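Predicted model only: the values in this text are computed from it and were never measured. First listed ligand is number 1; within each ligand, the first listed atom is number 1.
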Amino acid sequence: MAAKRCLMIGGGGMAGGWISNFTQHFADRIEVVAVADVSDDVLARQGAALGLGDDALYTDFAEACASVEADFCGIAVPPQFHAPAAIAAMRAGMPVLSEKPIADTLEAAKEMLSVANETGLPCGIIQNYRYAPNKQELVAIRDEGRLGRLQHIVGRYACDYRKPASWGAWRHTMEFGLLFEGSVHHFDMLRFLSGGDCETLVGFGWDPEWSSFEHFSSGIYAMRMDNGVHAVYEGNSSAAGIMNCWNSEHYRAEFEEGCVEIAGGDTVTIHRAGQESESYEAPSIPWHAHLHLFDEYLNWLDGGPPSVTRIQDNIKSYALVIAAMETTTDGQPKRIADYLIDIS
Ligand SMILES: NC(=O)c1ccc[n+]([C@@H]2O[C@H](COP(=O)([O-])OP(=O)(O)OC[C@H]3O[C@@H](n4cnc5c(N)ncnc54)[C@H](O)[C@@H]3O)[C@@H](O)[C@H]2O)c1
């Protein structure tokens with residue numbers, strides 16, 4: 001089968017990672033035929049790396065969507081551009097695969113969802129952390145009932161971003177950067193690990209005086225899922241002690257007959273009251289993180305099953321970000337159904 005032609009919106013940062021994954025692991029399945037990025041330096045670098053002429057390099061993604069013939073559009077630029085870029089691509093007839101979060105506002109996310117529904121085009125959202133051996137193993141323990149029923153999960157994210165710009169300058173100035181850039185992954189993970197969709201969310205956000213962020217860098221949120229499982233989340237981008245940064249977030253799942261602990265690496269630890277703890281390496285998985293999502297998405301384009309984290313599902317994770325933002329502001333519990341009321 002011919003390689004799928006990709007218009008890539010974004011060429012630096014995470015988008016640069018996508019492009020190098022495409023060329024290293026998917027050279028026979030993906031051909032990047034054009035790149036759009038506001039930075040001339042990034043365009044020059046990617047143009048040289050991919051052997052693209054100036055006519056395939058765009059500073060304006062709308063112009064690129066209107067001119068480029070491609071089989072899909074990849075989007076990895078800051079959040080406020082996701083929905084406009086995705087909508088321009090889908091209106092031009094291209095399926096979309098976009099980085100999280102879906103958008104910068106609930107309205108923009110719903111507009112993107114409605115264009116995906118209206119056009120019927122595949123629109124996948126990246127949630128790479130689900131595709132790690134220890135996360136998949138925890139879900140297998142739950143599904144197979146190896147430790148009985150699940151009652152609650154505690155998730156912890158903690159990164160030391162106390163230096164200005166240490167998490168990319170724009171994340172330090174944006175509003176609710178923890179929620180939109182960080183917690184969107186962890187809320188999605190708590191849905192994935194609990195096996196339920198969130199019914200109610202409540203919590204607090206704050207910015208310690210010594211933070212390098214202009215807005216809240218920390219928060220604690222509690223969730224009740226629709227399958228009766230509860231979850232608690234601690235997010236801290238001003239961490240100074242125990243780190244549970246990217247790929248090393250700590251999750252503890254409390255089951256009927258023991259609890260499961262996972263963090264960095266592939267180790268899974270099971271604690272049973274009155275017994276020695278048991279640690280083992282989670283079984284390997286064929287594709288990790290973004291690679292899993294790229295493979296899954298290409299299969300979807302070829303008629304396979306839709307991406308698990310397609311926009312129609314992932315809006316349920318995104319709604320938790322909006323609910324967390326609002327509970328932080330007004331101190332009231334939020335019913336997630338209220339955020340999703342007008343979507344089909
Ligand atoms: N899934 C993950 O683990 C993960 C990790 C990091 C970032 N991300 C996501 O990737 C996206 C980009 O983040 P990043 O860290 O790569 O940011 P970045 O600032 O490092 O890079 C963004 C790139 O987009 C370009 N750009 C900015 N505005 C643009 C526009 N209007 N049109 C075209 N190009 C534009 C920039 O020039 C730059 O090359 C965000 O949505 C972020 O949440 C995801």
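Nearest non-hydrogen protein atom to atom 20 (O) of ligand 1 is Gly13 CA, 3.5 Å. Nearest non-hydrogen protein atom to atom 28 (N) of ligand 1 is Phe81 CE1, 3.5 Å. The protein atom (non-hydrogen) at minimum distance from atom 15 (O) of ligand 1 is Arg171 NH2, 2.9 Å. In terms of protein heavy-atom proximity, atom 42 (C) of ligand 1 is nearest to Glu181 OE1, 3.4 Å. At the shortest separation from atom 22 (C) of ligand 1 among protein heavy atoms lies Pro78 CD, 3.9 Å. Among protein heavy atoms, the minimum distance from atom 4 (C) of ligand 1 is reached at Met14 CE, 3.4 Å. Among all non-hydrogen protein atoms, the one lying nearest atom 44 (C) of ligand 1 is Glu99 OE1, 3.1 Å.
Under the 30°/60° scheme for interplanar angles, the aromatic rings of Trp167 and Phe213 are found to stand perpendicular. Ring geometry for His290 against Phe294 counts as tilted: the plane angle lies between 30° and 60°, on a 0 to 90° scale.
The backbone N or O of Asp41 sits nowhere less than 3.5 Å from a side-chain atom of Arg45 that would complete a donor-acceptor pair.
Under a 4.0 angstrom heavy-atom cut-off, Phe180 registers as lying outside contact with ligand 1. Using a 4.0 Å cutoff on heavy atoms, Trp170 counts as a contact of ligand 1. In this structure, Gln127 falls outside the shell of residues with a heavy atom less than 4.0 angstrom from ligand 1.
An N or O contact shorter than 3.5 Å links Asp37 to ligand 1 by distance. Close N/O approach between Gly11 and ligand 1 is not found [any backbone or side-chain N/O within under 3.5 Å]. Residue Val42 places no N or O, backbone or side chain, under 3.5 Å from any N or O of ligand 1. Residue Val77 has at least one N or O atom closer than 3.5 Å to an N or O atom of ligand 1.
Here Asp302 does not pair with Arg29 in a salt bridge; the nearest charged N to carboxylate O distance is not below 4.0 Å. For Glu234 and Arg156, the salt-bridge test passes: some basic side-chain N is under 4.0 Å from an acidic carboxylate O. Under the 4.0 Å criterion applied to side-chain N and carboxylate O atoms, Lys100 and Glu181 are assigned as salt-bridge partners.
In this structure, the ring of His215 has its center no less than 6.0 angstrom from the ring center of Trp170. For Tyr297 and Trp287, the gap between ring centers reaches or exceeds 6.0 Å.
Between Asn128, Val38, Asp41, Ile126, it is Asn128 that holds the heavy atom closest to atom 3 (O) of ligand 1.
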